[in-house]
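Worksheet for the structure shown next.
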Amino acid sequence: MSDIAVTEVRRLSEHVGDEVRLLGWVDTTRVHGKVGFVVVRDGTGVVQGVLVKSELPEEIWNVLEGVTQESTVALTGLVKEEARAPGGFEIGVTAIEVIGAAEEYPIQPKEHGVEFLLDHRHLWLRSSLQRAGLRVRAEVEQSIHDFLYQRDFVRIDTPILTGAIGEHAGSLFETDYFGVPAFLAQTGQLYVEAACPAFRRVYCFGPTFRAEKSKTRRHLTEFWMVEPEVAFADSAENMRLQEDFITYIVERALERCAEELKVLERDTTKLEMVRPPFPRLSYTDAVARLQAKGSEIEWGSDLGAPDEEVLMEDHDLPLFVHDYPKGAKAFYMKENPEDPRTALCNDLLAPEGYGEIIGGSQREDDADKLLARIREEGLPEETYRWYLDLRRYGTFTHSGFGLGVERTVAWITGRHHIRELIPFPRLMNRLYP
RNA sequence: UGGGGUGUAGCUCAAUUGGCAGAGCGCCUGGCUGUUAACCAGGAGGUUGGUGGUUCAAAUCCACCCGCCCCAGCCA
């Protein structure tokens with residue numbers, strides 16, 4: 001082993017002229033006879049090493065000729081500024097040592113089919129576009145926590161194993177809980193509502209499970225959702241929080257992930273325009289606008305994906321569509337006093353075809369009306385007893401929303417399908433790897 | 001679940017009217033002192049998703065089955 005200090009590729013500019021040691025994986029090699037190149041990725045960056053046959057012991061040159069793609073290596077050599085090298089720096093290699101030899105690597109630097117790549121997701125993660133997308137995801141997640149922390153929200157971790165809690169009982173994953181049926185949570189919302197009187201502003205952030213047999217580029221069976229909930233906030237205030245939240249997340253990504261967005265070839269023009277206020281359109285006005293554009297939609301039916309796309313034709317900013325008909329929405333949403341056919345709720349539609357990234361609402365705070373809605377939907381009353389308690393022991397106006405992390409990251413990165421924006425996607429027909 | 005596609009070498013794809021199963025990449029061998037997904041020459045690599053049928057002859061036509069992709073519904 002060498003006693004030369006190990007450094008990282010991202011710090012090479014501090015080491016010009018020094019002899020350093022790098023630990024990483026071989027992206028590719030190019031051997032020309034008397035000079036050769038090895039491109040190494042160490043997780044912080046990618047750098048090219050140059051080997052000159054006449055200046056090296058034969059056994060080191062032989063290592064270069066035999067090393068395979070994705071082998072783990074230790075590279076020792078002199079850091080040089082070099083205009084011809086990608087990244088501007090390169091290593092004049094004096095030693096290369098194979099730590100873990102790789103077998104023939106399945107993923108080549110070329111086009112592959114989706115099924116093949118998903119079968120090799122555990123290796124695909126190493127590719128440059130995947131690294132860029134997942135790094136943006138991590139930044140988005142961090143900015144979610146930072147924004148809410150700055151606004152005095154308290155994080156509440158809600159249970160993943162539940163009784164039948166959520167919006168629609170038909171789309172839950174069922175499991176056995178010591179002989180009793182249990183379900184994987186499809187929302188933490190009802191639980192953050194319970195924490196609201198304890199902390200005023202709360203949120204949960206975690207995986208969410210939906211057993212819907214959806215096969216579109218916008219759906220996963222396991223996805224991550226952040227759900228803020230605020231006491232004494234009405235629907236209008238809820239939307240103001242949402243637009244501030246989205247603006248912060250987008251700004252942070254533009255600021256801290258510029259390199260990743262460039263790798264992803266994301267045109268950031270429209271992202272740079274994102275700032276409050278976002279346009280607001282009532283459901284009723286949306287239907288009128290769609291009808292004016294020739295749609296056959298009728299008042300009362302939910303907006304479909306094509307309807308949403310037509311509405312977004314007129315907008316570069318995210319669009320709030322609010323106050324949907326009660327029948328199209330969940331039981332816990334508060335009736336709109338100005339139009340009792342509708343509920344105080346909103347969706348937030350992302351531009352550029354990315355669709356719904358937020359669903360939010362003011363919650364029904366009247367115990368009798370809530371119970372009536374639970375009965376109307378035929379939901380198991382006993383399961384919701386604790387939820388009704390929240391209205392019996394000091395009820396209060398409150399609102400909240402759920403933001404889908406993968407959809408948001410897909411929009412920010414400009415990727416077509418959200419399955420690339422979660423490290424190990426769970427789809428209807430995919431549980432491996 | 002419905003509609004539309006698709007399945008050929010490890011990978012990405014060709015194969016005319018039904019007529020010898022092909023290329024590029026990767027891999028192996030040799031050559032080359034500055035490559036950027038290097039280049040040049042040679043080599044290995046196939047039960048054409050499965051079953052059955054039509055035919056002198058099927059990757060190609062027919063039936064059924066299976067996998068996958070896209071769109072829709074459901075939603076974030």
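Just so we're on the same page: letters track the sequence lines, and every chain starts at 1.
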Could you list, one pair per line, each protein nitrogen or oxygen that sits under 3.5 Å from a nitrogen or oxygen of nucleotides 25-27 of chain B, together with the distance?
unit_1 : atom_1 : unit_2 : atom_2 : d
B:rC25 : O2'    : A:Q108 : OE1    : 3.2
B:rC25 : O2     : A:Q108 : OE1    : 3.3
B:rG26 : O4'    : A:Q108 : OE1    : 3.3

Please produce a list of atom pairs where a protein N or O lies less than 3.5 Å from an N or O of nucleotides 46-48 of chain B.
none

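Residue A:E59 places its CD atom among more than 12 non-hydrogen atoms of other residues, nucleotides or ligands, all under 6.0 Å distant. The neighbour count for A:E298 CD, taken as heavy atoms of other residues, nucleotides or ligands under 6.0 Å away, does not exceed 12. Enclosure of atom CD in A:E265 is not indicated, since only 12 or fewer non-hydrogen atoms of other residues, nucleotides or ligands lie within 6.0 angstrom. Around atom CD of A:E313, more than 12 heavy atoms belonging to other residues, nucleotides or ligands sit under 6.0 Å away. Other residues, nucleotides and ligands place no more than 12 heavy atoms under 6.0 Å from the NZ atom of A:K213.
Using a 4.0 Å cut-off on heavy atoms, none of the residues of residues 122-151 of chain A approach RNA chain B. For residues 420-433 of chain A, proximity to RNA chain B is found at A:N429, defined as any non-hydrogen atom under 4.0 angstrom from a strand atom. Annotation: proximity of residues 87-96 of chain A to RNA chain B (heavy atom, distance under 4.0 Å) is found for A:E90, numbered in ascending order.
The distance from the OG1 atom of A:T413 to the CG atom of A:L421 is 4.0 Å, given to the nearest 0.5 Å.
Looking at A:I144 and A:L403, their side chains come closer than 4.5 Å, going by heavy atoms from C-beta outward. Annotation: side chain of A:F223 is not in contact with side chain of A:P207 (no heavy-atom distance under 4.5 Å).
The six-membered or imidazole ring of A:Y384 lies near that of A:F331, with a centre-to-centre distance under 6.0 Å. Close placement of the A:F37 and A:H32 rings is indicated, their centers lying within 6.0 Å of each other. Taking the ring centroids of A:F116 and A:H112, they lie under the 6.0 Å cut-off. A centroid separation of 6.0 Å or more is found between the aromatic rings of A:Y283 and A:H322.
Going from the C1' atom of B:rA23 to that of B:rG45 covers 14 Å, rounded to whole Å. Spacing of C1' atoms, B:rA59 relative to B:rU8, comes out at 6 Å, to the nearest Å. Nucleotides B:rG43 and B:rG49, compared at atom C1', are 29 Å apart to the nearest Å. Comparing the same atom, C1', in B:rG10 and in B:rC28 gives a spacing of 14 Å after rounding to whole Å. Distance check on atom C1': B:rA41 versus B:rG18 gives 38 Å, rounded to whole Å. Separating the P atom of B:rU51 from that of B:rC66 is a span of 15 Å, rounded to the nearest Å. Across the C1' atoms, B:rA9 and B:rA63 are found 29 Å apart, a figure rounded to whole Å. Using P as the reference atom, B:rG7 and B:rU16 are 13 Å apart when rounded to the nearest Å.
Side-chain atoms of A:H32 lie closest to B:rU33 of the nucleotides B:rA76, B:rG73, B:rU33. Distances from the side chain of A:P86 to the nucleotides B:rU36, B:rC75, B:rG34 place B:rU36 closest. Distances from the side chain of A:T216 to the nucleotides B:rA76, B:rG34, B:rA72 place B:rA72 closest. Nearest nucleotide to the A:H219 side chain, out of B:rG73, B:rU12, B:rC74: B:rC74. For A:K215, taking side-chain heavy atoms from C-beta onward, the closest of the listed nucleotides B:rC74, B:rA38, B:rU1 is B:rU1. Proximity note for A:R419 (side chain, C-beta onward) versus B:rC69, B:rG34, B:rC74: the nearest is B:rC69. With B:rA76, B:rU12, B:rC74 as the choices, the nucleotide that has an atom nearest any side-chain atom of A:E212 turns out to be B:rC74.
In terms of position along RNA chain B, the nucleotide closest to A:E309 lies nearer the 5' end than the nucleotide closest to the other residue of the pair A:E309 and A:W224. Of the residues near RNA chain B, A:E115 and A:D307, the one whose nearest nucleotide (by heavy atom distance) lies more toward the 5' end is A:E115.
Between the NZ atom of A:K80 and the P atom of B:rG34 there is a distance of 15 Å, rounded to whole Å. Following rounding to the nearest Å, A:K53 (NZ) and B:rC32 (P) show an atom-to-atom distance of 8 Å. Between A:L117 atom CG and B:rG10 atom C1' the separation is 14 Å, expressed in whole Å. Summarising the geometry, the separation between CG on A:L172 and C1' on B:rC75 is reported as 13 Å, rounded to the nearest angstrom. One can place CE of A:M333 at 12 Å from C1' of B:rA76, the figure rounded to the nearest angstrom.
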For residues 244-251 of chain A, dump all side-chain donor-acceptor pairs below 3.5 Å to protein atoms at least two apart in sequence or in another chain.
unit_1 : atom_1 : unit_2 : atom_2 : d
A:D244 : OD2    : A:R151 : NH2    : 3.1
A:T247 : OG1    : A:E243 : O      : 2.6
A:Y248 : OH     : A:R252 : NH1    : 2.8

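For RNA chain B, the stems formed by at least three consecutive Watson-Crick or G-U pairs, with both atom-pair distances below 3.5 Å, span B:1-7 with B:66-72, B:10-13 with B:22-25, B:27-31 with B:39-43, B:49-53 with B:61-65.
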Using the side-chain hydrogen bond (donor to acceptor under 3.5 Å, both in side chains) rule, take A:T187 and A:E227 through it: C-alpha gap first, then chi angles, then the decisive distance, then the call.
CA-CA 8 Å; A:T187 174; A:E227 295 176 273; 2.6 Å; yes
Would you please test A:T29 and A:E65 for side chain to side chain contact (heavy atoms under 4.5 Å, CB included) and show each step?
CA-CA 8 Å; A:T29 59; A:E65 290 200 316; over 6 Å; no
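Residue A:R30 places none of its side-chain N or O atoms closer than 4.0 Å to OP1 or OP2 of B:rG34.
Between A:F37 and B:rG34, no base-stacking contact is recorded for ring centres under 5.5 Å apart and planes less than 30° from parallel.
On a pure distance criterion of 3.5 Å, no polar donor-acceptor pair joins the side chain of A:S171 and the base of B:rC74.
Pairs of residues two or more places apart, or lying in two chains, that qualify as salt bridge (Lys or Arg N to Asp or Glu O under 4.0 Å) and include a residue from residues 120-132 of chain A are A:E70-A:R126. Among residues at least two apart or in separate chains, side chain to side chain donor-acceptor pair (under 3.5 Å) pairs with a member in residues 423-433 of chain A are A:D119-A:R430.
Looking at residues two or more places apart in sequence or on another chain, you find a side-chain contact (heavy atoms from CB on, under 4.5 Å) between A:H219 and A:S214, A:T216, A:R407. With sequence neighbours excluded, no residue forms a side-chain contact (heavy atoms from CB on, under 4.5 Å) with A:E309. Every residue two or more places apart in sequence or in another chain that forms a side-chain contact (heavy atoms from CB on, under 4.5 Å) with A:T7 is listed here: A:R11, A:L12, A:H15, A:V20, A:L22.
Among the atoms of the strands shown, base atoms are found under 4.0 Å from some heavy atom of A:V31.
No option in A:Y387, A:Y203, A:W386 other than A:W386 meets the ring-ring contact (aromatic ring centres under 6.0 Å, His included) test with A:Y191.
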